[in-house]
Novice: 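Got a structure here, written out as structure tokens. Questions coming.
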Amino acid sequence: MKKSRIITLLLISVLLFSLFMVGCGNDDNGEVEEGGESPDRVAIATGGTTGVYYPLGGAFANIINDYVEGVTANSESTGASVENVNLLNDGEVDFAMVQNDISYYAYEGIEMFEAEEPMENLRGLATLYPETIQIVADAGAGIESIEDLAGKRVAVGAPGSGTEANARQILAAHGLSYDDITPDYLSFAEASDNLRDGHVDAAFVTAGTPTAAITDLSTQHSVVLLSISQDKIDEIVSDYPYYAQVEIPAGTYRNQDESVDAVAVMAMLTVRAELSDDLVYEITKALFENLSDLESAHARGGDVSLEGALEGMSLELHPGTQRYFDEME
Ligand code: GLU
């Protein structure tokens with residue numbers, strides 16, 4: 001081959017390689033260029049209207065509408081965590097409020113997601129606040145411990161909720177399964193109405209405290225919150241990586257004179273992997289620059305912070321979010 005042809009071929013190779021590198025989205029400054037989708041409307045999956053996802057997801061939508069130019073956000077009520085990871089993975093919503101244990105199971109394709117493909121489209125944006133597994137019982141139903149739920153009618157959470165998964169695990173830790181109770185798949189609002197009217201004896205509610213459904217119920221009906229014994233808490237915390245021990249302080253609900261020993265997971269904001277890095281960067285920035293808007297929507301919004309945003313993070317971060325966190329370090 002002639003020397004000049006070799007040089008020409010070399011030059012073409014260098015040119016093609018440079019074009020390939022630009023296509024990969026990295027420029028000389030190491031900044032990630034806009035690569036993925038940048039829709040002008042985004043949807044946010046929350047939970048039932050009497051939970052905490054709903055008001056905080058609504059506040060997140062308002063932050064996007066108020067501070068991110070050219071993007072309109074809508075939040076929608078859903079059956080919560082399990083439904084939300086499905087909606088997000090299928091691209092039917094762009095952001096979702098989810099429990100950190102459920103997003104982990106979904107991403108790995110384990111536990112309740114064992115029969116499905118791992119949901120690889122899920123990315124983390126931030127962990128937000130603790131969600132306590134609250135077990136509320138009719139004060140007149142003779143239920144003092146979790147074991148006493150045997151033979152009772154129990155609201156175990158909406159179909160597609162993280163609550164329902166937690167109910168199953170907490171019962172199992174006490175040697176009980178759905179064969180030992182009569183499970184009712186109810187939203188927080190339905191559980192609260194049915195408990196008040198005597199149609200169910202107890203309800204599981206995994207949510208930030210105070211949860212409106214329980215606050216409302218406790219003003220209309222005499223209820224008790226069940227404590228989990230210390231040895232069972234130790235067992236649960238060591239069996240499942242995302243449970244942590246917490247206390248529901250006395251006075252969280254009407255007539256609750258004593259603190260209650262419980263376990264909690266973390267609520268987190270998740271985002272679809274295909275959204276562009278620039279869009280997710282702008283939205284992450286808007287969120288952390290306007291945290292007081294979350295606090296005005298619900299007390300637990302006040303727990304959200306940049307410092308705590310990776311505590312219990314169970315998913316790989318979206319690169320747009322990672323860029324914002326790197327800049328803030
Ligand atoms: N963590 C609950 C669930 O996924 C929903 C909590 C809420 O709506 O605030 O089942």
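Just so you know, ligand 1 is whichever comes first in the structure, and atom 1 is the first atom listed for that ligand. The first residue of the sequence shown is numbered 1, and numbering continues consecutively from there.
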Novice: One thing to verify: whether Arg153 and Asp201 come together as a salt bridge, which I'm taking to mean a side-chain N less than 4.0 angstrom from a carboxylate O.
Specialist: no

Novice: Less than 4.0 Å between a side-chain N and a carboxylate O, is that true for Glu282 and Lys285?
Specialist: no

Novice: If I compare all heavy atoms of Gln134 with all of Thr211, which pair ends up nearest, and what's the gap?
Specialist: NE2-OG1, 2.9 Å

Novice: Taking the six-membered ring of Tyr281, is the NZ or CZ of Arg323 close enough (under 6.0 Å from the centre) and on axis enough (within 45°)?
Specialist: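 Output yes; distance and angle both within limits.
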
Novice: Around ligand 1, what residues show up once you keep those with a heavy atom under 4.0 Å from it?
Specialist: Gly51, Val52, Tyr53, Ala80, Ser81, Gln99, Glu131, Ser161, Gly162, Thr163, Phe188, Thr206, Ala207

Novice: Determine the minimum heavy-atom distance between Thr46 and Asn84, stating which atoms define it.
Specialist: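 Of all heavy-atom pairs spanning Thr46 and Asn84, the closest is O-ND2, 2.6 Å.
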
Novice: Are Thr284 and Thr321 close enough, and set up right, to give a side-chain hydrogen bond (donor to acceptor under 3.5 Å, both in side chains), and what steps lead you there?
Specialist: CA-CA 6 Å; Thr284 307; Thr321 299; 3.1 Å; yes

